[in-house]
Enquirer: 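Take a look at the following structure, please.
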Amino acid sequence: MDSGPEAFAGAAFALFGGGLLLWAAVCARTGQPVAVGYGRVAGTVTALLAGAGFLAVGCRLLGAW
């Protein structure tokens, strides 16, 4: 069973990662830049990798993986 702080951190990481993935996908689909000052491809790839990483850490902390 997860402890309170571990479950909270897992939920926070998972929500942030999922939100970042969703935001990056919407920006990429509409053609908007994901980050100011970076190319579209570099910003999108970086945001997608970071979102996947945060989501994986969140799932790991929640014990779902």
Side-chain angles (χ1 to χ4, degrees):
M1 181 166 214
D2 294 332
S3 66
E6 184 179 354
F8 176 77
F13 273 98
L15 284 173
F16 180 74
L20 186 58
L21 285 173
L22 180 66
W23 175 71
V26 168
C27 286
R29 185 159 172 82
T30 59
Q32 297 176 353
V34 176
V36 176
Y38 290 95
R40 245 185 240 155
V41 174
T44 302
V45 169
T46 303
L48 290 174
L49 288 175
F54 278 109
L55 188 60
V57 169
C59 288
R60 178 70 179 123
L61 286 173
L62 289 173
W65 177 46

Enquirer: For G43 and V34, which heavy atoms make the closest approach, and how far apart are they?
Expert: O-CG1, 3.8 Å
Enquirer: For A28 and T44, work out which heavy atoms get closest and say how close.
Expert: CB-CG2, 3.9 Å
Enquirer: Scan residues 6-26 for pairs that pass ring pair (Phe, Tyr, Trp, His ring centres under 6.0 Å), counting only residues two or more places apart or in two chains.
Expert: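 Only F13-F54, F16-F54 qualify under ring pair (Phe, Tyr, Trp, His ring centres under 6.0 Å).
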Enquirer: Of all heavy-atom pairs between L48 and A24, which one has the smallest distance, and what is that distance?
Expert: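 Reported closest heavy-atom pair: CD2-CB, 3.8 Å.
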Enquirer: Let me check something: do L61 and L20 share a hydrophobic cluster, defined by ILVMFWY side-chain heavy atoms less than 4.5 Å apart, either directly or through other members?
Expert: yes
Enquirer: Nearest heavy-atom pair of R40 and Q32: which atoms, and what distance?
Expert: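 Looks like CG-O, 4.2 Å.
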